[in-house]
Amino acid sequence: MNILVTGGTGFIGSHTVVELIKAGHRVVILDNLSNSKELVLGRISRVLELEGIKNADLPFYMVDIRDREGLAAMFEAEPVFDCCIHFAGLKAVGESVLKPWEYYENNVYGTLVLVDEMRKAGCKSIIFSSSATVYGVPDFSPIPETAQKHAAMHPYGATKSMLEDILTDLHTADVKNGDENPWNVVILRYFNPIGAHRSGLIGEDPSGIPNNLMPYITQVAVGRLAKLGVFGNDYQTHDGTGVRDYIHVVDLAKGHVAALKAVEEKCGVEIFNLGTGVGYSVLDVVHAFEEANGIEIPYEIKPRRPGDIDSYYSNPAKAQEVLGWKAELDLVDMCRDSWNWQKNNPKGYI
């Protein structure tokens, strides 16, 4: 298949590009480089060489999804895409609370421009990078796709929930209007991706102080930060720290490749959780990292962050049943590969 990957030089995007090419697909990467670097393309090529794929073709367009003219020119220059895997978007929860306009403008408006240009170009299949945050405060765990969506806890989550509804409405309108080529929409709700490619060539390189747990841990381990801040130790969990479903980024990337099966089968709208179905606390992850890598991680307990909840983790059974996908890597793999990336790239991509 001919696949457009927006945000393809980012953390999840770069790993997904690798897995798509390994699976035999042609990939075009589009990214505005606002939170990534163009040198990632060379790293992807090196990873593919290690996988036995030399001189991989990696067409790249430095275009923002809000740039209608830039998108139109890209679509004009390329063969018709079979599907777009859409990662491009702002994603920091805390930042979204401080900059809500920027999140709605970039994530929602940008996606509206993207899908408009897609349909003009004859591509009406999209795999959308959503989030478990759409469940809000869940009624129970593990959470199936049939669980009710609740009010978003922050603007980032609100953009994901809105876009799920918008993309679903596009398909519904096509069906009601008798369109012979209705939208195919695959919504993938992520839990907490961590880890890196086992080569240590590509990984997570956040700008500024990390917002997510694992890059914070690895930056403490490499000496960039003095200690880890653990936000709250009075949650209703086995050790008082928040419990989440962590998934290896390579497993997550493979989930996107598997999701192409639904597109090929003209799925209409399908929603899949991509997680392990296992919950680990913050301190579980800290201790697993210490054990896997032989490094002590100093930490201090800080006040809870607004919007954080006690526990949530996925029921990923539908993805296994329908797509034949299941997470294969465990927490030790995630901790080992995260450290391998950071120790080989102590300052990230430079």
Side-chain angles (χ1 to χ4, degrees), residues 92-94 97 131-144 147 150 153-154 156-157 189-196 203-204 206 209-249 251-252 273-317 327-343:
V93 169
V97 175
S131 168
T133 60
V134 302
Y135 294 116
V137 179
D139 297 316
F140 51 83
S141 286
I143 309 167
H150 293 292
M153 304 296 290
H154 36 71
Y156 165 71
R189 292 175 177 166
Y190 308 162
F191 282 69
N192 293 70
I194 59 176
E204 188 169 11
I209 301 297
N211 291 286
N212 298 323
L213 175 61
M214 186 56 77
Y216 210 127
I217 290 174
T218 60
Q219 289 191 21
V220 171
V222 82
R224 287 173 62 179
L225 296 170
K227 60 179 66 175
L228 170 70
V230 176
F231 297 100
N233 65 345
D234 58 350
Y235 290 99
Q236 297 300 306
T237 63
H238 64 275
D239 63 12
T241 62
V243 169
R244 301 291 183 266
D245 187 337
Y246 296 94
I247 179 173
H248 198 294
V249 67
D251 278 332
L252 185 62
N273 287 334
L274 294 186
T276 64
V278 179
Y280 293 103
S281 74
V282 172
L283 292 183
D284 286 337
V285 176
V286 170
H287 298 323
F289 185 91
E290 291 176 327
E291 184 174 347
N293 300 305
I295 299 172
E296 183 178 354
I297 302 298
Y299 65 87
E300 62 178 338
I301 304 299
K302 294 185 174 183
R304 288 191 185 201
R305 295 177 298 190
D308 277 352
I309 61 177
D310 297 78
S311 173
Y312 69 86
Y313 52 97
S314 70
N315 178 346
E328 298 175 344
L329 300 170
D330 61 18
L331 185 59
V332 172
D333 297 315
M334 301 178 211
C335 292
R336 182 198 62 234
D337 292 342
S338 294
W339 176 232
N340 188 43
W341 151 255
Q342 191 73 80
K343 72 181 181 182

*Side chain to side chain, Met214 and Tyr246, heavy atoms closer than 4.5 Å*: no
*Residues that Val222 engages under side chain to side chain contact (heavy atoms under 4.5 Å, CB included), provided they are two or more places apart*: Arg224, Trp339, Gln342, Pro346
*CZ of Arg336 to CG of Leu331: how many Å apart, nearest 0.5 Å?*
11.0 Å
*Thr241 to Ser281 - nearest heavy-atom pair and separation*: OG1-CB, 3.3 Å
_Would you compute the distance between atom CD of Glu328 and atom CD1 of Ile247 and round it to the nearest 0.5 angstrom?_
10.5 Å
_Under the side chain to side chain donor-acceptor pair (under 3.5 Å) test, residues paired with Tyr156 that sit two or more places apart_ = none
*To the nearest 0.5 angstrom, please state how far the CG atom of Asp251 sits from the CG atom of Leu329.*
4.0 Å
*Validation row: Asp310, Gln236 side chains within 4.5 angstrom (heavy atoms)*: yes
*Which atom pair, heavy atoms only, marks the closest approach of Thr237 to Val243?*
CG2-CG2, 3.7 Å
*Hey, mind stepping through Val285 and Met334 against side chain to side chain contact (heavy atoms under 4.5 Å, CB included) and telling me if it holds?*
CA-CA 9 Å; Val285 176; Met334 301 178 211; over 6 Å; no
*How close do Pro144 and Tyr135 get, heavy atom to heavy atom, and via which atoms?*
O-OH, 3.4 Å
Return all side-chain donor-acceptor pairs below 3.5 angstrom for residues 293-303, not counting sequence neighbours, or 'none' if the list is empty.
| residue | atom | partner | partner atom | Å |
| --- | --- | --- | --- | --- |
| Asn293 | ND2 | Phe289 | O | 3.3 |
| Asn293 | ND2 | Cys335 | O | 3.3 |

*Nearest heavy atoms of Pro206 and Pro215, plus distance in Å*: CG-CB, 4.0 Å
*Got a sec, which pairs hit salt bridge (charged side-chain N to carboxylate O under 4.0 Å, His left out) with one end in residues 283-293, sequence neighbours left out?*
none
*Please tell me if the side chains of Thr133 and Met153 come closer than 4.5 Å, counting only heavy atoms from C-beta onward.*
no
*Under 3.5 Å, side chain of Arg189 to main-chain N/O of Ser314, donor-acceptor pair present?*
no
*Check Tyr235 against Phe231 and note the closest heavy-atom contact, atom names and distance.*
CE1-O, 3.5 Å
*Mind checking what makes salt bridge (Lys or Arg N to Asp or Glu O under 4.0 Å) contact with Arg305, not counting sequence neighbours?*
Asp308
*When rounded to the nearest 0.5 angstrom, what distance separates CD1 in Ile217 from CG in Leu225?*
11.5 Å
_Candidates Asn315, Thr276, Asn273 - the one meeting side-chain hydrogen bond (donor to acceptor under 3.5 Å, both in side chains) with Asp245_ = Thr276
*Got a sec, which residues hit side chain to side chain donor-acceptor pair (under 3.5 Å) with Ser338, two or more places apart in sequence or on another chain?*
none
*Provide the closest heavy-atom pair for Ile143 versus Pro138 in the form atom of the first, atom of the second, distance.*
CD1-CB, 3.6 Å
*Do Asp337 and Ile194 touch side chain to side chain, with heavy atoms closer than 4.5 Å?*
no
_Could you check whether any side-chain heavy atom of Asp330 comes within less than 4.5 Å of a side-chain heavy atom of Asp333, counting everything from C-beta outward?_
yes
*Report yes if the side chains of Tyr312 and Arg244 come closer than 4.5 Å at any heavy-atom pair, otherwise no.*
yes
*Hey, what do you get for CG (Leu274) to OG (Ser131), rounding to the nearest 0.5 Å?*
11.5 Å
*Between Val282 and Leu213, is any pair of side-chain heavy atoms under 4.5 Å apart?*
yes
